[in-house]
Each structure stands twice: as C-alpha cells, then as structure tokens.
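Let me begin by presenting the structure, written as structure tokens, before commenting on it.
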Amino acid sequence: MMFYRLLSIVGRQRASPGWQNWSSARNSASAAEAHSMALPTQAQVVICGGGIMGTSVAYHLSKMGWKDIVLLEQGRLAAGSTRFCAGILSTARHLTIEQKMADYSNKLYHQLEQETGIQTGYTRTGSIFLAQTQDRLISLKRINSRLNVIGIPSEIISPKKVAELHHLLNVHDLVGAMHVPEDAVVSSADVALALASAASQNGVQIYDRTSVLHVMVKKGQVTGVETDKGQIECQYFVNCAGQWAYELGLSNEEPVSIPLHACEHFYLLTRPLETPLQSSTPTIVDADGRIYIRNWQGGILSGGFEKNPKPIFTEGKNQLEIQNLQEDWDHFEPLLSSLLRRMPELETLEIMKLVNCPETFTPDMRCIMGESPAVQGYFVLAGMNSAGLSFGGGAGKYLAEWMVHGYPSENVWELDLKRFGALQSSRTFLRHRVMEVMPLMYDLKVPRWDFQTGRQLRTSPLYDRLDAQGARWMEKHGFERPKYFVPPDKDLLALEQSKTFYKPDWFDIVESEVKCCKEAVCVIDMSSFTKFEITSTGDQALEVLQYLFSNDLDVPVGHIVHTGMLNEGGGYENDCSIARLNKRSFFMISPTDQQVHCWAWLKKHMPKDSNLLLEDVTWKYTALNLIGPRAVDVLSELSYAPMTPDHFPSLFCKEMSVGYANGIRVMSMTHTGEPGFMLYIPIEYALHVYNEVMSVGQKYGIRNAGYYALRSLRIEKFFAFWGQDINNLTTPLECGRESRVKLEKGMDFIGRDALLLQKQNGVYKRLTMFILDDHDTDLDLWPWWGEPIYRNGQYVGKTTSSAYSYSLERHVCLGFVHNFSEDTGEEQVVTADFINRGEYEIDIAGYRFQAKAKLYPVASLFTQKRRKDDMELSDLHGK
Amino acid sequence: MSISALLSMGRCCCRCCCPRGLWMLSAPCCDDRRMCVCPGPRRIGIPVRSSSLPLFSDAMPAPTQLFFPLIRNCELSRIYGTACYCHHKHLCCSSPYVPQSRLRYTPHPAYATFCRPKENWWQYTQGRRYASTPQKFYLTPPQVNSILKANEYSFKVPEFDGKNVSSILGFDSNQLPANAPIEDRRSAATCLQTRGMLLGVFDGHAGCACSQAVSERLFYYIAVSLLPHETLLEIENAVESGRALLPILQWHKHPNDYFSKEASKLYFNSLRTYWQELIDLNTGESTDIDVKEALINAFKRLDNDISLEAQVGDPNSFLNYLVLRVAFSGATACVAHVDGVDLHVANTGDSRAMLGVQEEDGSWSAVTLSNDHNAQNERELERLKLEHPKSEAKSVVKQDRLLGLLMPFRAFGDVKFKWSIDLQKRVIESGPDQLNDNEYTKFIPPNYHTPPYLTAEPEVTYHRLRPQDKFLVLATDGLWETMHRQDVVRIVGEYLTGMHHQQPIAVGGYKVTLGQMHGLLTERRTKMSSVFEDQNAATHLIRHAVGNNEFGTVDHERLSKMLSLPEELARMYRDDITIIVVQFNSHVVGAYQNQE
C-alpha cells in the first residue's frame with residue numbers, strides 16, 4: 001500500500017525530471033505525511049537511506065530471500081544526490097572491482113523496466129573518453145585492455161572516428177579516444193524507485209519521512225534503531241545515508257567512523273538544440289578538459305570535476321539545505337570554457353539551469369562498503385565519489401551477499417570500510433583530503449601517486465632525521481614511509497612533471513639503494529607495520545592462535561613463524577609473522593593497513609576470556625630493518641654478541657641490547673629475502689639506536705633506503721604481499737605457500753577443510769612470477785598492476801604488482817594464472833605443468849610483451865658471494 | 001608640483017647637475033647615507049594618481065627617454081642615477097616650495113657655490129650613450145612579482161582542534177622600498193603574558209635609525225605597561241637571581257626584519273629601569289590595567305629613553321654613535337593592539353589605521369581609526385598654537401610644516417625639535433666626529449624659542465569589533481598618498497573574500513546563451529585575475545598602489561616601469577610603502593557579541 005502511494009509520485013515525476021516540478025513533488029509529499037503508518041517494532045534488517053544505495057541493498061537482500069526488511073528514508077525516496085544525479089552509467093573504471101560493479105549495474109538497470117514496469121529512461125548511448133594528450137591515451141588504453149578481458153566491449157578510436165560518432169565535437173586537439181558502446185544513461189531517481197518497487201513487492205517495508213536518530217548497540221552488536229517515529233529492534237543495520245553517513249555513524253554511543261565528505265558539484269542543463277540531439281547521442285568524457293557531456297531532452301547536460309572544489313557540510317547539516325544550494329557561475333566558468341572549446345557550436349544554445357548537487361567523496365577515491373569493525377551487524381554502503389549510479393547495482397549486490405553469506409562473491413578489500421580507521425575521520429582531514437580527491441577524478445592516474453593532503457599524521461620518531469637526509473615520503477594508513485632518499489647533489493622533477501607511465505626519475509637513486517642492500521647494509525624504517533601482542537595466563541593464547549592461523553605456532557620460545565590468518569574458504573584474511581616471545585605471549589606483525597581489519601577479525605574470533613589479552617602495540621615500537629650482508633657485522637659490533645647463523649639462526653627472535661639501549665627485539669628476518677635483521681625498538685630508544693647503527697655502520701657502507709628499494713627486492717624474489725598480491729580469496733596453496741600450512745598440526749584451524757579439499761582437487765589459479773623479456777626499460781611503458789596476462793594468446797589472468805629488478809635487469813611482475821576452458825570459459829585446475837608449458841605475454845596499455853613464467857624465484861638471487869677477482873676499487877668507496 | 005611640471009624643467013635642471021664625484025667632494029656629509037639628510041628633499045610630491053604621467057606616455061620628453069635604455073646598462077645607469085639624484089637636490093635648492101617632503105632643510109649658502117656645474121651633464125651622458133639604442137624596457141610579470149613579493153610575510157594564527165579561538169585570523173604584511181635603504185619598519189608580535197596581539201608600522205625620516213629602534217623596542221614597552229604587578233615582580237626577581245625570564249612577546253618577523261644585537265643590552269637595561277619604576281609606582285590598589293593609558297605611557301617612555309640614552313652616551317663608540325643617530329633621526333608610529341573584540345590604535349604621526357567594514361549588501365566601507373598628525377589636522381594646528389606663545393603662532397607651522405621643516409607634528413626621536421639649543425650643542429660637541437661633521441645635526445631649526453615643539457605622545461582610539469569589521473589596514477603614508485582610503489578598503493575586501501562576495505550571477509528566467517554567459521564570466525575573471533596573483537593582501541595592495549592606472553586597475557606596463565626605476569629615482573615617484581592587513585575572525589567576534 002505504502003509502495004503504491006510512492007509510485008503515484010513517481011508517475012508524476014517521470015515525465016520531466018524532478019528539478020522542474022519541485023513544487024508539485026512537494027505537494028504530494030506533504031500529502032503523504034498525512035497518512036503515515038506506524039513503524040513495525042522489529043525487523044531483521046533496517047536500512048537507512050532511500051537513495052539508489054539503500055534501495056539496491058533492499059532489492060538484492062529481498063531477492064536473496066531475506067524478507068524482514070525495513071527501509072527508512074528521512075525525506076522522500078530518491079531525493080538526495082540520487083535525485084540530482086546526472087544519470088550517466090559508465091563502466092570505464094580504474095579498478096577491476098569497480099568495473100565489475102558497473103557492469104552488473106548496467107545489466108541490472110537494462111532489464112529493470114521489464115521486471116518492474118517502471119520506466120527508468122534507460123538508453124544505451126555508449127560513451128566516448130577523449131584524450132588530449134598521449135599520457136591520457138595510455139591511461140585509456142590501460143582501461144581498455146582491462147575492460148576487454150572482463151567482457152565489456154570497448155575500443156580505442158581515432159579522432160576522425162570520434163567526429164563521426166558525435167557531430168558537435170571539436171576533435172582537432174585530440175590524439176585519440178576510447179569508445180565504450182554499451183554504456184548508458186538512465187534516470188537514477190527512477191532506477192531507485194524501480195528497485196524500491198521490486199523490493200516492496202518482495203516484502204520490504206518502506207517508510208519515508210522517517211529519520212534515524214541513532215543505532216542502538218549492546219555488547220558490540222546492533223540491537224535496534226531509534227527513529228523520530230519510534231524504535232525498531234533489529235539484528236542488522238545498513239547505513240546508506242550518503243553524505244549524511246558520516247554524521248549518522250558518529251551518532252551512535254559506540255561511534256562508527258565512516259570517512260567521507262561532500263563537495264558541491266555543478267552541472268549545466270540547456271534547452272534543446274535547434275535540431276534536438278537524439279537520445280542515443282553518446283556521452284562524452286573529456287577528462288583533460290575536466291568535463292562530461294551527455295544528451296538531455298534534446299539539449300545537453302554537462303558538468304565536471306574542477307580543480308578547486310568547494311567542500312560543503314563539514315559541520316554536518318540537515319537534508320533540507322541540499323535543496324537550497326546556490327548556483328555559482330563564476331566557479332563553473334573553467335568548465336564552461338572547456339565545454340565551449342569542445343563543442344563550439346553550443347555558443348548560441350540557451351541555458352536552462354546550473355544545478356548544484358553535492359557529491360560525496362572518500363579519502364582514497366574508492367567507495368566504502370562492509371561491516372563496521374566496532375559494531376557487529378552494522379553495515380555501510382556509501383561514499384560513491386559521484387559514481388553512485390554506476391556502482392549502485394553491483395555494490396548493493398555485494399553488500400547483500402556479504403550480509404547473507406558472510407562475505408561477498410568478489411574480493412572487495414579495496415572498498416572495505418575496514419581499510420580505514422578512526423584516524424581518517426577527523427573533519428579537518430576529510431575536508432582537506434576531498435579537496436584533493438575531487439579533482440583527481442579527472443586527473444591523470446599515474447603509477448605511484450601519493451596524496452598530498454592530510455599528511456604527516458602518523459610518523460616514526462625518526463621522521464625528521466630521515467627527512468633531513470633527503471627522504472621522500474609516501475603514506476599508508478596515515479603513516480609516513482620513506483620511498484627513497486634523494487642524495488644531496490641530486491634534484492628530482494617537480495611533482496607534476498614527475499607523473500609518468502615510463503621510467504621514473506628516481507630510477508638511479510633506487511638502484512644505488514638496492515645495490516647497497518645487496519652488497520653492504522641499508523636501514524629501512526618500517527615502523528608502520530601493525531604490531532599486536534597476544535598474552536594469556538595459561539595456554540589460551542597458543543590455543544586460540546593455533547585455531548586462527550594455518551601454520552603450527554607451537555614452536556620453541558624465540559622462534560618466528562610466517563603464517564596466514566585464513567577464513568573458512570582458506571583465503572588469506574591476513575598474512576603475518578608471529579614471534580613466540582615466551583610460552584604465553586606472542587608478537588604478531590602484520591601489514592600496515594591490517595590495523596583495523598586484523599583487530600576486528602581477532603576480536604570476533606577470540607573467546608571472551610579475561611585471561612586472554614590482545615593489545616595493539618603498533619605505536620610502542622619503531623621498526624628498523626637492517627638489510628644486507630653486513631647487517632650482521634653492524635649488529636654484533638653494537639651488541640657485543642655473536643650474531644652468526646650458529647648463534648642466531650634465521651627466523652629467530654631475541655631481546656638484546658643495542659648500543660646503550662636494552663630490551664630491543666631483534667629478529668633475524670627481513671621482508672625481502674635478503675639477509676638481515678628487524679629491530680623492534682621501544683620508541684624512546686629509536687633515535688639512539690638509529691644513531692648508533694648509522695655511526696657504526698659507516699665503515700660497512702651503511703645508508704638509508706626506502707620502500708621502493710624494498711619493493712624491487714621483494715618482487716624479484718617472488719615475495720607476495722597481502723593487500724597487493726594476495727587477498728581473502730587467495731589460499732596458501734594458490735601462491736606456493738604449502739610449507740606455511742600445517743594441515744596435520746594436530747588441531748583444527750579456520751580454513752583447514754577448504755585447504756584439504758583444494759589439496760585434493762587442485763587449485764584454480766596460481767600466483768606466478770613473470771620476467772619481461774623484450775621490454776626496454778628506458779623506452780617502453782612500465783608495468784604497474786592489473787595488466788592482463790595472455791598464455792598462448794588466451795587471457796589467463798591479471799598482474800597484481802610489478803617492479804624493476806636491478807639484479808635481473810628486467811621487469812618482474814607477479815600475477816595470477818587461471819585456466820579458463822576454451823569451450824565453456826569455466827575455470828579449470830591449474831597445474832605446474834600448465835604454467836610451465838605456456839608462452840606468456842603481458843599486455844601493457846595494448847602493447848604485449850613476452851614474459852617468462854616462473855613458479856619459484858630465481859635461485860641466483862639468493863647466493864650473494866662475490867668472487868675475489870670481481871672486486872673493484874670502487875668497492876672501497878663509501879656508499 | 002606635478003611630475004609633468006618637473007619634467008618640463010628637466011632639460012634646464014640637467015644643466016646645473018654634476019657627476020657624483022664632484023658632489024662628494026663638496027658634500028662630505030653624504031658619506032654616510034643613513035645619516036645624510038641631504039640638502040634638499042628626498043621626496044618630491046608627486047600626486048601619482050591625479051594625472052597620467054607624461055613619463056609613461058608615448059610622447060616622452062627627451063630626458064625621460066633616457067631612463068629606460070639606461071637601466072639595461074648597469075654601470076651607465078648608476079652614473080645617470082647619481083647624476084639625476086644630484087640634479088634633484090639642486091632642483092629643490094632652487095625651488096622654495098617643496099610640498100611633501102617630510103623634512104626639509106635648506107643648506108648653508110656655501111653649498112650652492114660648491115654645486116656649480118663643472119661639466120654639462122647632458123653631454124656627459126650623451127658621451128656614454130653610444131652603445132644604447134632606444135629600446136623599450138619592461139620587467140616581465142615574474143620579475144615584477146619577485147620584487148613585489150620580496151618582503152611579504154603572512155602569519156596565520158594557529159588553529160587548535162580545527163578551531164581558531166582568536167579574534168584574529170592572521171595578518172599579511174609587506175613593504176616596498178623607495179628610499180635606499182628603506183626607512184619604514186614594521187612589527188608584529190603576540191603578547192605572551194597578557195592576551196592580545198600588537199601590530200605596528202613605523203615611518204622613519206632622516207634615516208632609518210629611529211624607526212629601526214622603535215620597531216624593536218616599542219612593543220616591549222607596551223607589553224610591560226600591560227603586565228600586572230605580580231608578573232613584573234616575577235620578571236624582576238628572575239633577572240635579579242639570574243633565572244630564566246618569562247617570555248613576553250612572540251615576534252612574527254620577516255627574515256629581513258632584523259634586530260640589532262649590539263644595542264640589545266642597552267635597550268634591555270632601559271626597559272628594566274622602566275618596569276622597576278612601574279613596580280615601585282604600584283600602590284597595590286588598582287589591578288585593572290587600562291590599555292589606553294598603557295599605550296600612551298609606553299610611547300612617551302620610549303621616546304624619553306631614546307632622548308636620555310643620547311644625552312648620557314655610551315662608552316662603546318659604536319653604541320654611542322648609534323644612540324645619537326637614533327635620537328637625531330625620527331619616526332612615526334601607528335600601533336594596533338587587538339585583544340578579543342577590543343581594538344586600540346595608538347598613533348603618532350601620519351601613518352594611518354583603517355578598518356574595513358562590510359555592509360549588509362556586501363559593499364565595503366572604510367572607518368578611519370587614527371588621526372593624521374600633520375598640517376591637515378585642524379586640532380593639531382590648534383594644539384601646537386596653544387603649546388607655544390602667541391608670538392610664535394606664525395612660525396610654529398610654516399608651509400604646512402613644523403617650524404617650516406617637519407611634516408609630521410608628532411614623532412619619536414627628532415631631538416632637534418625637542419631639546420633646548422644648549423643641550424643640542426653640548427651633545428653634538430661631545431659627540432663623535434661623524435656627528436660633528438653632519439651639517440644637518442648641527443643645524444638648529446629657525447624660530448626655535450620654546451622647545452619642545454614635538455612629542456611622541458600618541459592619540460589612542462578605541463573600537464569594539466563587530467562581526468562586520470573584517471580587517472584592519474595599517475600603513476605608512478606612502479600608501480595613503482597614492483590611494484584613497486575607500487579604494488584601499490574595497491581592494492582588500494574584494495581580495496580577502498575572493499569573488500564569492502561579488503554579486504553572484506543567476507540566470508533566473510532570462511534567456512541567456514552559453515556564449516553570452518561565457519563572455520560575461522571571462523570578463524569577471526579577468527577582473528579578478530590580479531587578485532589570484534597574490535597570496536598576500538598587502539602585496540596585492542602595493543600592486544594596486546604602484547600600478548593602478550586612471551581606471552583603477554593594475555596596468556602591468558606602468559607597474560613594470562615604476563619598479564624598474566633606479567633606487568635614487570624611485571623616491572621621486574613614491575615613498576616607502578609599508579602595509580599590514582589584519583584579518584578578523586568574524587565567528588569569534590560574533591560569539592563575543594552573543595555572549596553579552
């Protein structure tokens with residue numbers, strides 16, 4: 001009943017978009033208020049937000065069989081950003097997961113009208129992405145090769161072809177373009193209403209004009225929501241509140257931090273052209289001109305992402321404000337100039353309106369979905385970076401799967417709420433960061449891009465020291481990490497000039513750091529690693545760890561174990577190193593961005609036992625990696641203790657003194673496969689130990705090194721990193737880590753069954769190392785990640801990371817090889833034989849390079865002995 | 001005299017000019033440029049905006065065509081510049097009326113004979129001009145910017161927890177020299193033991209010694225005057241027992257703003273004597289310190305100390321010379337003290353404090369917070385006449401100058417207008433030779449009967465800040481004589497608010513095409529583009545002050561020419577300009593208002 005009333009509103013709105021007959025919509029809305037119904041007192045799921053996200057989640061949940069769902073909307077359905085959305089559905093995205101979401105959305109919206117009977121205005125117009133520069137064309141080519149391998153048709157076309165596809169375009173300054181013929185335009189408000197209607201038919205109850213005040217939480221579990229119309233008890237809450245999601249998250253007693261922030265976004269509507277544009281006219285994206293242009297009712301709709309965005313609602317405002325935002329023509333001027341340069345004939349076209357519709361942006365330009373690490377049953381889907389319509393269907397589907405099955409069918413770590421912590425939720429940080437993110441939408445996306453705003457938030461105590469020595473920094477999870485060290489006599493390019501898809505300007509600098517790691521000794525500050533301590537009074541710690549981790553942790557005190565923290569499917573939730581400090585306590589080192597995710601996972605799976613203590617000690621220790629053959633000399637000189645392999649075998653951990661400082665945790669391991677040590681230093685000793693290491697190391701040729709050197713070293717040795725190469729859909733068997741799994745360790749652990757099955761049946765993908773053969777480092781495009789891999793001409797997978805190996809003098813890529821059946825496309829078992837018997841090519845922006853596949857690292861890299869007669873005088877030089 | 005008049009005289013003036021070498025022979029006092037109050041004004045009044053300068057018109061009089069090619073040739077330009085410098089001195093010697101020079105001194109008649117032209121300057125330069133072709137010379141926009149921005153400084157009050165609780169958001173300051181070296185100074189500091197911030201501009205004359213000393217010292221005197229008794233005791237005790245002192249001021253200085261290390265100890269001792277007296281004077285009754293009174297006391301006390309230090313002298317010959325130079329030169333001061341919504345402006349002389357007020361319709365209006373102490377101020381004329389016997393009524397202000405010499409009617413230093421004749425003679429005689437050789441210091445003003453004629457006592461105005469008070473401009477007269485206060489406030493106001501407060505464009509029902517809209521917007525943007533060149537409001541204001549054409553917009557060509565004047569010439573076309581623009585925090589000011 002509720003639903004039909006809504007539909008009547010839709011009916012009136014559909015003929016012309018909402019902004020035209022605002023007043024009539026308002027009338028009907030106030031009529032709706034008169035007979036509002038009482039809310040149910042309980043439900044399984046409460047969804048907050050009646051935009052495209054909320055309705056999509058409701059739609060998919062109800063399709064998957066969950067019926068007891070209440071959707072609450074503070075205003076009217078599809079009234080926020082969804083209402084004002086420009087209605088462009090585009091699959092050309094940079095991340096594969098985003099491409100997949102958009103592709104699914106496209107297919108869903110396409111058949112929605114048929115399914116629900118509600119007109120959505122879906123028109124397959126196709127879209128054309130213009131390139132004014134060669135670099136932009138490279139970027140498009142990279143997207144193009146990735147689109148093609150997931151089955152989305154697209155092609156790179158010439159400017160001439162562009163002119164044929166769209167007669168209004170000025171193509172004189174173009175170098176090429178990408179055409180995606182199946183992209184579409186659609187009315188997002190109508191899509192949301194159609195999804196709502198289908199959900200409603202499946203039993204979802206929808207209430208508008210109902211505001212969620214806060215979510216009730218008991219013992220870290222959602223118990224219900226408090227609305228302005230009463231309480232609803234529920235197990236699951238889904239926050240799809242768009243730009244209000246941040247405020248809503250903070251309104252809980254136990255706040256859920258959802259880092260996003262709105263910026264004003266402008267687009268222009270015109271009256272129809274003299275000969276009205278056909279509704280099938282393709283959508284144009286001119287990223288170099290920062291604009292998009294689509295046909296709209298015979299005229300055009302054009303907006304863009306300007307360089308100087310205007311963040312809005314920093315202090316949190318109510319929804320009414322969104323309807324009263326001012327047009328700002330002066331702000332729009334650069335985009336208008338760009339539009340008229342692209343379509344000069346529009347000069348005489350009459351303006352209808354400049355629409356100001358705020359869009360929500362996140363700190364890393366990727367949307368936010370998933371369950372809150374702090375509150376179980378609290379799900380979030382928001383922060384769409386102005387691609388809400390494109391992602392709506394797919395994102396709703398993945399979130400619904402996540403809720404129903406416990407995990408989505410694709411790896412969505414890149415979008416997972418848990419990639420953020422509370423540290424990203426400062427209003428000032430968000431305000432500053434989104435001002436950088438919004439222009440980035442249309443900026444050239446080059447490898448190794450670092451955000452410039454919101455920096456220097458978390459730093460090691462050595463930050464200033466390293467900075468003074470020329471460190472250049474990158475940021476991970478708010479933590480500053482050195483990339484490389486610029487020698488005093490060397491100048492690098494300015495930020496903007498250093499953007500390149502080719503050989504970067506730091507090539508020689510990193511080379512000398514890598515050399516030093518291999519021949520002498522380097523120090524790398526790796527303090528950003530997430531560090532936990534698990535302690536218990538009895539054997540509880542060991543027991544719970546044995547259950548959570550795949551390797552056998554019942555090792556003698558002082559041993560270090562590399563192990564995965566697996567999920568039920570055997571996939572890596574985390575990849576870490578655990579040192580047994582004593583019988584009852586363990587020290588666990590995980591990747592930097594695991595701080596929130598790993599904590600949540602451990603908390604969720606650990607028994608509530610007061611005798612079992614989990615502590616985040618990340619901030620307590622500075623981690624220095626002494627890496628290289630002379631590390632042992634430096635350390636033994638500083639500690640007056642023998643450090644030879646006999647006394648200090650590999651993968652061993654000891655507390656010892658270094659210089660004057662006592663209680664330094666020294667571990668004989670590195671994260672690159674080079675010989676060396678990790679020093680975990682209580683922070684107050686950090687500067688002292690660093691100074692001592694540097695001064696003693698002088699005679700061994702010590703120098704600072706950064707993460708780029710580390711990356712080169714670890715990739716050439718086939719060390720996979722969690723978050724880059726492996727994720728929660730990767731099992732140890734798929735990346736050659738059988739040795740790190742002890743299936744027969746005498747007790748069950750999470751993921752064991754799945755691994756046993758996999759061991760029996762074989763794996764369907766395999767992490768493989770590729771060495772590029774005919775690639776010219778100086779002249780050819782460099783690989784990055786996400787490049788398609790071809791085996792005997794057939795697509796078999798994508799690369800996950802790559803680096804230049806200074807020892808092999810070749811590029812090395814890591815990537816997964818699948819075995820798709822030639823007939824059905826179904827995945828088949830991948831054997832070592834299958835991998836070894838193929839001829840491989842890697843596709844970098846449309847150019848294919850021959851590559852050698854390897855399942856095991858090149859052995860020669862591990863033997864570091866130099867023969868006496870190879871020595872030169874230059875070996876005597878300080879580094 | 002307008003520049004056109006000056007230039008039309010150019011040819012004949014040149015005839016009586018002499019190259020530098022000759023002049024040096026005749027005027028040993030010029031050895032020390034700082035002390036040199038040369039026989040003749042350094043500043044020729046040029047109402048720059050009132051007429052379009054023939055200098056910049058296409059039809060240049062012959063001598064001015066020389067200016068620009070010459071600059072390219074460095075050596076030649078120096079010669080020319082020097083020659084020209086002398087030439088204007090002479091011009092002034094022969095001209096009885098020089099309207100705007102702050103300090104005027106007619107040299108001993110003997111000079112005139114020394115200055116007789118030995119050689120025709122025209123021929124002199126002609127002879128060396130063979131290499132230069134008459135080419136137009138322009139500074140490029142980046143060069144112009146680097147000159148304009150060389151002295152710019154910005155300070156943002158730090159935010160805590162994303163909020164700025166101070167009523168001041170920050171300030172921008174900048175200065176553009178015309179004298180070489182510049183005689184203006186500026187200071188800004190936060191009071192650490194009391195609340196509030198101090199900002200001031202100081203315009204020196206007869207050298208920069210006095211303005212330098214005042215810029216270093218005045219804020220300490222003010223801060224000390226504001227300190228409660230207990231704090232003074234605490235500081236005195238710390239000095240006595242050799243403990244670390246409480247910091248009083250947090251300075252916000254441009255790297256070019258220097259403090260003299262040599263005099264620091266002397267200055268400290270004088271300051272200490274001051275606070276010791278304050279401690280002794282305290283009766284323990286009144287605890288409330290009146291800012292107005294504190295400002296007045298501080299000004300008077302510092303001027304008194306300057307005077308005393310010069311009388312007492314110093315065993316160190318460098319310091320001895322320094323304190324004399326400070327005392328014999330002069331400086332005006334315009335200082336603002338901002339504490340919450342309480343704004344006090346203490347002014348001595350002809351610098352000015354102007355409040356920028358944004359009206360409800362978004363337009364800007366100027367509220368003057370200080371009175372100029374010069375001949376244009378009736379009340380000052382009145383005061384002077386009252387302070388001296390009737391017999392002096394005609395001589396005390398002559399030709400709009402104090403005793404026919406000094407433009408500002410109040411100033412620091414300038415003991416020539418304060419000390420008795422006896423004292424002046426005694427100090428000069430016992431002083432170092434350099435002082436003795438200086439004709440200016442030896443010269444006693446005419447009609448000098450009842451000193452002192454000059455005071456450093458400031459006029460203090462109080463203003464309670466309102467949310468519509470957006471900023472305060474403190475500037476030396478170099479700015480105010482080229483721009484009207486209303487223009488100053490409008491330019492700063494529009495700069496600070498960007499274009500957002502320009503009347504926004506709305507299409508609302510009219511038929512507008514994209515092309516028309518584009519044209520309109522481009523026009524608006526060009527208008528604003530000069531704003532975006534500057535990150536500093538003071539720089540922006542200087543750009544306008546120097547480069548504005550008759551339409552009130554910055555003309556690059558004009559700006560370029562003005563900035564490429566050789567230093568000796570620059571003073572003819574403009575005075576030193578020093579500007580501080582303080583921006584207020586309307587939110588905080590509004591919150592204060594709401595509290596009551």
Side-chain angles (χ1 to χ4, degrees), chain A residues 19 168 261 264 266-274 291 293 299-302 306-308 310-312 314-316 324-356 425-432 454, chain B residues 142 156-166 169-170 360-363 467 493-535 553 585-588 590-591 594:
Chain A
W19 47 77
L168 285 174
H261 194 290
E264 291 179 50
F266 296 91
Y267 62 83
L268 170 78
L269 297 172
T270 72
R271 308 250 171 231
L273 273 75
E274 255 173 60
I291 50 166
I293 311 160
I300 61 140
L301 179 162
S302 171
E306 62 275 20
K307 273 187 174 162
N308 52 335
K310 295 165 77 178
I312 190 174
T314 306
E315 286 153 33
N324 299 324
L325 290 173
Q326 299 293 316
E327 56 194 322
D328 184 344
W329 279 99
D330 291 302
H331 193 71
F332 193 70
E333 189 270 339
L335 301 180
L336 179 59
S337 300
S338 186
L339 171 66
L340 290 175
R341 195 161 58 244
R342 189 54 56 214
M343 296 189 180
E345 287 171 45
L346 298 187
E347 286 254 353
T348 53
L349 193 57
E350 196 188 321
I351 294 167
M352 193 176 111
K353 195 173 164 66
L354 185 67
V355 181
N356 181 352
S425 80
S426 136
R427 282 179 212 264
T428 315
F429 167 80
L430 289 172
R431 184 181 169 88
H432 290 186
Chain B
K156 225 181 125 203
V157 172
E159 295 183 347
F160 295 103
D161 196 23
K163 279 186 185 135
N164 177 357
V165 292
S166 161
L169 286 172
E360 272 175 20
D361 64 357
S363 67
E494 284 174 5
Y495 170 81
L496 291 178
T497 50
M499 13 202 231
H500 301 301
H501 289 271
Q502 242 186 9
Q503 207 61 29
I505 304 182
V507 178
Y510 295 102
K511 276 196 171 183
V512 187
T513 67
L514 290 178
Q516 289 167 336
M517 177 59 86
H518 185 233
L520 185 61
L521 293 175
T522 323
E523 197 180 305
R524 278 161 72 95
R525 193 174 49 122
T526 340
K527 213 170 138 196
M528 296 306 296
S529 65
S530 69
V531 172
F532 296 119
E533 247 174 313
D534 298 315
Q535 280 84 52
T553 52
N585 189 340
S586 304
H587 296 291
V588 173
N594 293 338

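By convention in this document, chain letters (A, B, ...) are assigned in the order of the sequence lines, proteins followed by strands, and residues within each chain are numbered from 1.
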Q: With sequence neighbours left out, write down each residue that passes side chain to side chain contact (heavy atoms under 4.5 Å, CB included) with A:Ser337, or none if nothing qualifies.
A: A:Glu333, B:His518
Q. Quick one: salt bridge (charged side-chain N to carboxylate O under 4.0 Å, His left out) partners of A:Arg341, sequence neighbours excluded?
A. none
(Q) Heavy-atom cut-off 4.5 Å, strictly under: side chain, backbone, both or neither for A:Leu340 against chain B? (A) side chain
**Q.** Contact class of A:Leu268 relative to chain B, heavy atoms under 4.5 angstrom
**A.**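 Only the side chain of A:Leu268 comes within 4.5 Å of chain B.
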Q. Rounded to the nearest 0.5 Å, how far does NZ of B:Lys511 lie from CE of A:Met352?
A.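 Spacing of CE (A:Met352) from NZ (B:Lys511) equals 14.0 Å.
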**Q.** Which atom of A:Ile351 lies closest to which atom of B:Thr513, heavy atoms considered
**A.** CD1-O, 3.8 Å
Q: Against chain B, work out which of A:Thr270, A:Thr348, A:Leu349 has the most heavy-atom pairs shorter than 4.5 Å and name it.
A: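 Most heavy-atom pairs under 4.5 Å with chain B: A:Leu349.
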